[in-house]
Amino acid sequence: MTNDFLSSAIKQFEYYKMLGEKAMRQTSGAALFASPNAESNSIAVIVKHLWGNMLSRWTDFLNSDGEKEWRKREAEFENDFESEEALWQCWEQGWQTLFDALRPLTETDLERIVYIRNQGHTVVEAVNRQLAHYAYHVGQIVYIAKMQVDQNWQSLSIPRGGSSQYNEAKFNQPKAKGHFTDEFLANPKQE
């Protein structure tokens, strides 16, 4: 079961990375840096925050506190990317840091205690904490992108009006064990 946990967590992180990328690719340029209102973050700021969090949490994951002394969390909410390319570089670096920390983990690591701001978490708890945090922010990215693209939005899941057809196709297949992300990760072009 524990190997299933690691495999499932990695697939879910890959899935949320893919959702964020598909949403951001539907918008571009200045739209990535635009805030919906004065109290909201732009997609770029959310990416910067995710990047800062990922570097802090996943660098030296098993051995040092997840809130690194060098992290400047407040600066993550300043919209100061100089280019769209810089935004994408941070996005990739953050996710790569996460995957580099997760992939070598073994079953024996799962009950180890890691700390975030001196609060102890088992590795399972720490992974779940970050999975929920990143899903929350990727959801924000998707929502902002969807507002910007408006009627030209390409659904990232089951399109409106498509539930019956989708369910019919699923129920016409034999029952099988699999992860819910398998079809999306195997075919990232799927909408």
Side-chain angles (χ1 to χ4, degrees), residues 8-59 61 66-68 71-102 116-117 119 121 125-160 162-163 179-181 183-185 188-191:
S8 178
I10 290 168
K11 285 180 180 185
Q12 287 180 78
F13 281 120
E14 290 171 340
Y15 175 72
Y16 287 113
K17 179 180 187 284
M18 179 198 66
L19 285 180
E21 290 169 358
K22 288 173 92 171
M24 288 189 289
R25 285 190 180 111
Q26 289 191 52
T27 186
S28 62
L32 291 168
F33 303 90
S35 298
N37 59 52
E39 291 301 313
S40 298
N41 293 316
S42 66
I43 289 173
V45 166
I46 296 167
V47 168
K48 189 175 176 190
H49 170 58
L50 284 169
W51 167 74
N53 181 279
M54 289 173 178
L55 293 183
S56 186
R57 294 293 184 267
W58 300 104
T59 299
F61 173 62
E67 187 66 18
K68 305 295 186 284
R71 182 181 184 198
K72 305 288 185 233
R73 186 180 181 279
E74 292 304 316
E76 294 167 14
F77 297 96
E78 297 170 11
N79 198 352
D80 61 357
F81 279 116
E82 294 187 13
S83 67
E84 193 172 334
E85 181 182 328
L87 178 148
W88 282 104
Q89 287 173 349
C90 285
W91 175 264
E92 288 299 328
Q93 182 186 24
W95 287 103
Q96 190 61 53
T97 302
L98 177 154
F99 292 125
D100 287 348
L102 274 184
I116 301 172
R117 297 185 184 101
Q119 182 180 21
H121 299 65
E125 291 168 333
V127 169
N128 282 334
R129 175 178 172 161
Q130 296 316 115
L131 184 58
H133 183 204
Y134 302 157
Y136 168 81
H137 286 305
V138 168
Q140 291 174 324
I141 289 170
V142 170
Y143 188 72
I144 294 168
K146 189 173 182 178
M147 286 191 307
Q148 292 172 340
V149 175
D150 198 18
Q151 294 180 1
N152 294 321
W153 179 254
Q154 298 296 311
S155 177
L156 303 180
S157 62
I158 304 166
R160 282 187 185 189
S163 296
H179 197 271
F180 79 95
T181 64
E183 68 185 275
F184 299 104
L185 296 172
K189 301 269 186 226
Q190 181 176 331
E191 298 296 339

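Closest approach of Val127 and Ala9 over heavy atoms only: CG1-CB, 3.7 Å. Considering every non-hydrogen atom in both Ser42 and Ala34, the closest pair reads CB-O, 3.4 Å. Gly29 approaches Glu84 most closely through the heavy-atom pair N-OE1, 2.9 Å. Here the closest non-hydrogen pair linking Gln93 and Trp51 is OE1-NE1, 2.8 Å. Between His121 and Gln119, the closest heavy-atom pair is ND1-O, 2.8 Å. When all heavy atoms of Ala145 and Ala23 are compared, the closest pair comes out as CB-O, 3.6 Å.
One finds the NE2 atom of His49 at 8.5 Å from the CG atom of Asn41 (value rounded to the nearest 0.5 Å). Taking CG from Leu131 and CD1 from Ile10, the interatomic distance works out to 11.5 Å, rounded to the nearest 0.5 Å. Going from atom OG of Ser8 over to atom CZ of Phe180 covers 7.0 Å, rounded to the nearest 0.5 Å. Distance check, rounded to the nearest 0.5 Å: OG of Ser56 to CD1 of Ile116 gives 9.0 Å. Between atom CG of residue Leu87 and atom CD of residue Glu82 there is a gap of 12.5 Å, rounded to the nearest 0.5 Å. The line from OG of Ser83 to CD of Gln89 is 7.0 Å long, rounded to the nearest 0.5 Å.
Under a cut-off of 6.0 angstrom, the local environment of OH in Tyr143 is sparse, with at most 12 non-hydrogen atoms contributed by other residues, nucleotides or ligands.
Between Phe81 and Cys90, some side-chain heavy-atom pair lies under the 4.5 Å cut-off. Asn53 is listed as a side-chain neighbour of His133, based on a closest heavy-atom distance under 4.5 Å. Leu50 has its side chain within reach of Ile141: a pair of non-hydrogen atoms, C-beta onward, lies under 4.5 Å apart. Residues Tyr134 and Lys17 fail the side-chain proximity criterion, which asks for heavy atoms closer than 4.5 Å. Counting heavy atoms from C-beta outward, Met24 and Trp91 have side chains that approach closer than 4.5 Å. Counting only heavy atoms from C-beta outward, the side chains of Lys68 and Arg57 never approach each other to under 4.5 Å. Contact of the Lys48 side chain with the Asp80 side chain is registered, since non-hydrogen atoms from C-beta on lie closer than 4.5 Å. Residues Thr181 and Tyr16 form no side-chain contact, since every pair of their non-hydrogen atoms from C-beta on lies 4.5 Å or further apart.
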Side chain to side chain contact (heavy atoms under 4.5 Å, CB included) between Ile144 and Ile46, intermediate numbers included: CA-CA 11 Å; Ile144 294 168; Ile46 296 167; 3.8 Å; yes

Arg71 and Glu76: CA distance, side-chain angles, deciding distance, salt bridge (charged side-chain N to carboxylate O under 4.0 Å, His left out) verdict: CA-CA 9 Å; Arg71 182 181 184 198; Glu76 294 167 14; 2.7 Å; yes

Intermediate values then yes/no, salt bridge (charged side-chain N to carboxylate O under 4.0 Å, His left out), Arg129 and Glu125: CA-CA 6 Å; Arg129 175 178 172 161; Glu125 291 168 333; over 6 Å; no

Pair Gln130-Leu98, side chain to side chain contact (heavy atoms under 4.5 Å, CB included): steps then yes or no: CA-CA 10 Å; Gln130 296 316 115; Leu98 177 154; 5.8 Å; no

Pair Lys146-Gln26, side chain to side chain contact (heavy atoms under 4.5 Å, CB included): steps then yes or no: CA-CA 8 Å; Lys146 189 173 182 178; Gln26 289 191 52; over 6 Å; no

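Relative ring orientation between Trp58 and Phe61 is described as tilted, the plane-to-plane angle lying within the 30° to 60° band.
For the pair Asn79 (side chain) and Ala44 (backbone), a donor-acceptor distance under 3.5 Å is absent.
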